[in-house]
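Everything below concerns the one structure shown next.
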Amino acid sequence: MTCLTPFSVIEVENHSPKQCFLPAEQLLSVTVNSVIYENVCSEKESHEYDLMKSRLHYGGCGHQGFISRCKPHFVIRYSPELYAVYCAQKVCHSSLVSHLPPSSFRSSSQLSGSHGPGFAKLNRREGAGGWSPHSSDRYQWLEVDLGGRTQIAAVATQGRYGSSDWLTAYLLMFSDTGHNWKQYRQEDSIGAFSGNSNADSVVQHKLQHPVIARYVRLIPLDWNPNGRIGLRLETYGCLYNSDVVSFDGRSSLFYRLSPRPRPMTRESISLKFKTLSNSGTLLHAEGQSDHSLTLELEKGKLLLLLRKGRSSSLDGRHLVSLGSLLDDQHWHHVAVEHHGSHLNLTVDKSTLWVQIPPRFTHWEHDQMSVGADRGPGSRRSGGSNKDFHGCIENLVYNSLNLVDLAKQKDQRVTVKGNVTFSCAEPVFVAMTFTSPQSFLWLPGVTELTSTSMSAGLQFRTWNKAGLLLTFDLPKQEGVVWLYLSKARLHLQVQKQGRAPLELSAGSALNDGQWHSVELISRRGRLTVAVDRDEGATAHASPSFVITTGGQLFFAGCPNEGSHQECRNPFKAFQGCMRQLTVDNQPVDLIMVQQRLLGNYSHLQIDMCGIIDRCSASHCEHGGSCSQSWSTFHCNCSSTGYSGATCHSSIYEQSCEAYKHKGNTSGYYYIDVDGSGPIRPQLIYCNMTEEMTWMVIQHNNTELTRVRPSLGKSQHSAHFEYTSEEAQLAAIISQSEHCEQELTYHCRKSRLLKMPDGSPLSWWTGGPGEGQMQTYWGGALPGTQQCACGLQKNCVDPKHHCNCDADRTEWANDSGLLTHKETLPVRSLVLGDVHRPGSESAYRVGPLRCNGDKNVWNAAFFDKETSYLHFPTFHGELSADISFLFKTTSSSGVFLENLGIKDFIRIELSSSTEVLFSFDVGNGPLAVHVEAGFPLNDNKWHRIRAERNVKEASLRLDELPAATQEAPTDGHIHLQLNSQLFIGGTASRQKGFRGCIRALQLNGVTLDLEERAKITPGVQAGCPGHCSSYGSLCQNHGRCVERANSFSCDCSPSAYTGVFCDREVSASFKPGTSVSYTFKELMLNKSNNALPSFIHSGMSLRAENISLSFRTSQSPALLLYVGSYYREYLALLLNKHDKLEVRYKLDSSKDAEILSSKVRNLANGQLHTVTISRLTDAVSMQIDQNIREDFNLTSDVEFNAIRSLVLGRVSDSDEVDPEIAQLASLGFAGCLSAVLFNSITPLKAALLHSDTSPVIITGPLVQSDCGSTSANPYAAETTDHLSGQSGSVGTGQPLVNAIRSDSALIGGVIAVVIFVTVSALAIMGRFLYRRKGTCQSQEVKTVKPEDGPELPFSSQTSSHNGPSDSQKEYFI
């Protein structure tokens, strides 16, 4: 079997599919005569592979792979990752070290001749049985030269034979040249490999991603504490062959690809490159269709530029960027795969799926320039200004090996400049300052008598601040600091007796790019330069000489215990440096590494270990990534998400969830899939009805007249919704019920059917573009009927729609569409609108959905051994879990999912603590929240847990979140493989007893109820919500249990609304009166004596009164309660603007006056009054003032109360003259939330006047004059007015326009059959009068252009916005 490189091409003669190169599990697809199949090979007992019949579902992203062609017509496609693993195991797994000569081994030092590096071969006993350095520290290393570039798949270590010397952890480094080492990292962050536990056992690590390199270096991190460093090693792999070409920045290759290669369904470009330059064009391809493709580097990132034509406009360009720090002189893999309307761009292990505009989908390249963006004699294409300087390997275009063509001097290839077919690599030795303790000390070389000096370096970092260089002036007369601050370069010189000298230059120097710095002091002039010609320079002319005083410190200072003088008032530098010069002499960093020059600590020499933690970014949902040397930060502002990686939504997933938190009607941001990809959007939540509605508007919800259009036989309308398509689909899916009003008003305009049965009109609805529907609102799908046809009450029994009767009278067909699979309405086509005399209008209401399936989805676990199980939870990099629970138990596991070593678990660890624990391979981590109050109180509590690559967090109810940071260099993938257990564990121990509700994992709700229905020991649903949510019912409202929710009964409250929190207020005029009668008494007019049947229940020994008022009138009577015994209670403002309560409980005595000390109550501000009496004790409180107490001296019984009056008292003959005078004046102002014991007279008058014993005289206008608060949670709270008036052509408002519902028309027809023409005329006149007496709505009419004044009716406006209701429910 042959080991092949991904994206190389195999020509296999006379082979059939049964001789595939890899076993079945390695194959992605096979193309047979342009038909693609998936899972193409299945190995049978005969070891033959047969073609299977399943079609390939090609996902696009992440499926780049190795392509070979098995002639004559098979294209076999492999995953490169699977291929590499298979290749390493089966083919590419030869020993690479055992046969090497001793000269191939090098080390930092050796303990003795018998401990040299040449003895460090696995299982060998020569010499001292392995390598041991002179000293055991982290600056030692062992290096092996494999003799050529090799594919390395695994590494194995062993301790020194017969000793106590072995490694317990180490780093693995690779290089092509023996310089510029690169550290191997697993999962992009794990740097350390685990070593041995004794001297003889072998520990082997298979590399997750095979490495191609010539040199291997192993750096000890830890070793046996009772011994020293000791090592034997082996690497496994195979030789690597490739085609390489080198460009010097002025050379290039030009290919003529005509005649073009045969047409292919997929086009691909793949290559590897390495360079030290951060900019330059890799290749440029173009063709006769004026389409071009350019791959270029810009600031270390790879850019893919598609261009149509020569224009530089944005419309003619499509730009994609991927990768970072690609100028590190290491090989990087690039692949472009074009699949019609999209392409996949791969850089190393990152793949970007790109949807491309249609104008860029047709590629017909017939020429390509490599190393430059132009062909011989042609102008630049407008891309990078630099040609490529570096090496390219294995350049393959549509199976054509272009480097091999150039090597063979193919006539289609033109060579420009110095192109060589080997990789010439310059050597730049860099060093990495890895921690705040890092520093490099070098001795100065400047003569003490010198009057000049210079120092230079290049650096790259992500940090905004850090010391680059410091040194003392001669004789320690001062100090010089060269440092970064706020990403600018600063120079500060302090000399005794002189003012500090400061210079600054450059900006944004923490961008990860290489920047050069030069410090020059010569002839009295001091210069600081950044990035030479492209950068900035600062100058000064100090009056003193600046030279080094004998030693220089780079990046930081030694510990305080050292004897070297060094002060650093700034942060230490973390990053890379190279090309250090002192007085124009380069610093030999290899000598520094060998301890032959200077000294250092926490320094990695001959490598730059910078990592771009923002490529690919872990910040989700559009969060912007920034970074320092050791970590990254996500800015989540304006994204709608929160957390360390912007993973968790800050918004609720439905209106029901907002209502659950105590919010009322208004506009809210809804994130239907939580942490999923759908963006939050602003949606109106109507919470004033018994249901909680999500109302999604579209571009035309008004009643719209159809006007004829010349040349068109139909009228069509298309509806665009305010919500995106994905959000619409999610809302409809998770709602229990959705509906949309569909109305058609007609006069000689048929709706659905022609006489021959063919459809006249239709609408489309459902996902995407929607499906054609030929039924109307109120009917069933597929019936081709309207609501009247289903109810069998159409005006003409021969038709199934009122409008199909084709009458000259106005008619309408209206109803609700309620089948979710056909919603929302996408478009409407009306087919009978152009005949002479035809008139019509239509209305498509907003989409309205209620009932969140997720919020109340619950299960009750009644045993500790009971649980629900679900498929494995996949939250490798980001996992968020949220749910509510209630219990009486003190402990139990809510959720658990296990892997081989990894796990995730959330549990109630005690009656006051919740614990979130997990392991992703770094050892168990736990986050806990201590509540400080019992959690087993049988009330609902909410848990939100999140784990990402940066941190884990846990939040309980509204307590502050607890967090636990993830290790900087550690495993990041959570790998689980067991079932997900809810309410218990796999061991059936420590199970949870109680209720779990609204369980969501990464925004997806688990259907606990459906699983509970088929699981013993678990019950679907969980009653008993008022214990948790009863407090939401305010102002004496009562919580009422429902099966899956609760409601607030506001009948005993003076308030209304969802939670009895909205004041019922009214504006009073002097002539306004609201009289509430407690009990009507049947009195004998001839007998003035009171009847004997007045019972004691009508007498009061106590009252509780509360109300709010706003007025500028004084004196003024606010409330009056009278009785049949001429007793009364009056609440009034006196002429001094103070509040008085007057009790007359004994008709033979004067009224007792209880006067408050609170002043200035007639100031136009809102004041709240509470009065309570129990027998003779009366208390009064106004606003937040101190309660005032009084005592009555007369009778304590208020006998035979008759009525309560607000405003003007018309029957005041039997009261005191002063009260009578006030009563006749009435009240001008606002009264709100009036409550007398359990009686709410103002609420009864405004909301229930038809069923309550109230009499209203004068103008009474409901208003919000008593409101003092606004909803802080809603993005905007406003009355929803669309639908209250319609627009027919002219845009004029139409209300009550057509009054011809089917029942009325049917009645008229019946009258026609059974009575005479004169009776019909009388009936018509009666109907006209009835319409004119309607007082419940304002009526406006419009005149159609050709016809009498006929009104249109919009009778469904209540569906579209806020409306009042006494009770509001959770569904």
Gap separating the [atom1] atom of [X] from the [atom2] atom of [Y], nearest 0.5 angstrom:
| X | Y | atom1 | atom2 | value |
| --- | --- | --- | --- | --- |
| Tyr721 | Gln697 | OH | CD | 10.0 Å |
| Met694 | Gln734 | CE | CD | 6.5 Å |
| Arg750 | Cys803 | CZ | SG | 11.5 Å |
| Leu817 | Leu780 | CG | CG | 11.0 Å |
| Leu1246 | Thr1056 | CG | OG1 | 10.5 Å |
| Leu823 | Arg826 | CG | CZ | 9.5 Å |

Are the side chain of [X] and the backbone of [Y] linked by a donor-acceptor contact shorter than 3.5 Å?
| X | Y | value |
| --- | --- | --- |
| Glu725 | Gly768 | yes |
| Ser716 | Leu828 | no |
| Gln740 | Gly845 | yes |
| Lys820 | Ser735 | yes |
| Asp673 | Ala730 | no |
| Glu741 | Arg843 | no |
| Ser733 | Ile731 | no |
| Ser665 | Met687 | yes |
| Trp763 | Tyr775 | yes |
| Asn850 | Trp693 | no |

Subject >> Full working for salt bridge (Lys or Arg N to Asp or Glu O under 4.0 Å) between Arg848 and Glu739 >> reply: CA-CA 5 Å; Arg848 295 168 15 106; Glu739 65 183 38; 3.2 Å; yes
**OP:** Test Tyr658 against every option in Tyr668, Tyr669, Tyr667 by the ring-ring contact (aromatic ring centres under 6.0 Å, His included) rule and name the one that passes.
**Re:** Tyr668
Shortest non-hydrogen contact from [X] toward [Y]:
| X | Y | answer |
| --- | --- | --- |
| Ile670 | Gln653 | CG2-O, 3.4 Å |
| His318 | Val354 | NE2-CG1, 3.8 Å |
| Gln773 | Trp762 | O-CB, 3.2 Å |
| Cys786 | Leu751 | SG-CD2, 3.6 Å |
| Ala805 | Asp796 | CB-CB, 3.8 Å |

Is the shortest side-chain heavy-atom distance between [X] and [Y] below 4.5 Å?
| X | Y | result |
| --- | --- | --- |
| Asp813 | Cys788 | yes |
| His698 | Val844 | yes |
| Asp804 | Leu752 | yes |
| Thr818 | His737 | yes |
| Glu337 | Leu343 | no |
| Val672 | Gln681 | no |
| Leu728 | Leu847 | yes |
| Gln355 | Ser341 | yes |

**OP:** List the steps, then state whether ring-ring contact (aromatic ring centres under 6.0 Å, His included) holds for His342 with Trp353.
**Re:** CA-CA 7 Å; His342 74 273; Trp353 186 91; 5.1 Å; yes
Original post:
Per the side chain to side chain contact (heavy atoms under 4.5 Å, CB included) rule, which among His718, His715, Gln714, Met772 passes with Val829?
Top reply: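 That would be Gln714; it is the only one of His718, His715, Gln714, Met772 passing the side chain to side chain contact (heavy atoms under 4.5 Å, CB included) with Val829.
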**OP:** Using side chain to side chain contact (heavy atoms under 4.5 Å, CB included) as the criterion, point out the one residue from Ser761, Ser749, Cys746 that pairs with Val833.
**Re:**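 Only one option passes, and that is Ser749.
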Subject >> SG-SG under 2.5 Å, Cys801 vs Cys794 >> reply: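 No, because the SG atoms of Cys801 and Cys794 are not under 2.5 Å apart, which misses the disulfide cut-off.
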Original post:
How far apart are the C-alpha atoms of Asp806 and Arg835, what are their side-chain angles, what is the distance that settles it, and do they pass the salt bridge (Lys or Arg N to Asp or Glu O under 4.0 Å) test?
Top reply: CA-CA 11 Å; Asp806 201 21; Arg835 289 187 297 152; 2.6 Å; yes
**OP:** Starting from the C-alpha separation in whole Å, work towards a yes-or-no answer on side chain to side chain contact (heavy atoms under 4.5 Å, CB included) for Lys853 and Thr1005.
**Re:** CA-CA 9 Å; Lys853 293 180 180 179; Thr1005 299; over 6 Å; no
**OP:** Apply the side-chain hydrogen bond (donor to acceptor under 3.5 Å, both in side chains) test between Ser654 and each candidate in Asn854, Asp852, Thr692; give the one that qualifies.
**Re:**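 The single option meeting the side-chain hydrogen bond (donor to acceptor under 3.5 Å, both in side chains) with Ser654 is Asp852.
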Subject >> Trace of the salt bridge (Lys or Arg N to Asp or Glu O under 4.0 Å) decision for Lys1013 with Glu1010 >> reply: CA-CA 5 Å; Lys1013 292 176 182 177; Glu1010 284 300 313; 3.0 Å; yes
Original post:
Could you walk me through whether Asn802 and Asn812 pass the side-chain hydrogen bond (donor to acceptor under 3.5 Å, both in side chains) check?
Top reply: CA-CA 6 Å; Asn802 291 320; Asn812 76 75; 5.5 Å; no
**OP:** Could you tell me whether Glu821 atom CD has more than 12 heavy atoms of other residues or ligands within 6.0 Å of it?
**Re:** yes
Subject >> Within 6.0 angstrom of Glu769 CD, more than 12 heavy atoms from elsewhere >> reply: no
Original post:
Taking it one step at a time, do Asp671 and Tyr641 satisfy side-chain hydrogen bond (donor to acceptor under 3.5 Å, both in side chains)?
Top reply: CA-CA 10 Å; Asp671 195 337; Tyr641 297 84; 2.8 Å; yes
**OP:** Dump the intermediate steps for side-chain hydrogen bond (donor to acceptor under 3.5 Å, both in side chains) on Tyr842 and Thr743, then the final yes or no.
**Re:** CA-CA 5 Å; Tyr842 66 87; Thr743 297; over 6 Å; no
**OP:** Begin from the C-alpha positions of Ser675 and Ser649 and carry the test side-chain hydrogen bond (donor to acceptor under 3.5 Å, both in side chains) through to its verdict.
**Re:** CA-CA 6 Å; Ser675 57; Ser649 179; over 6 Å; no
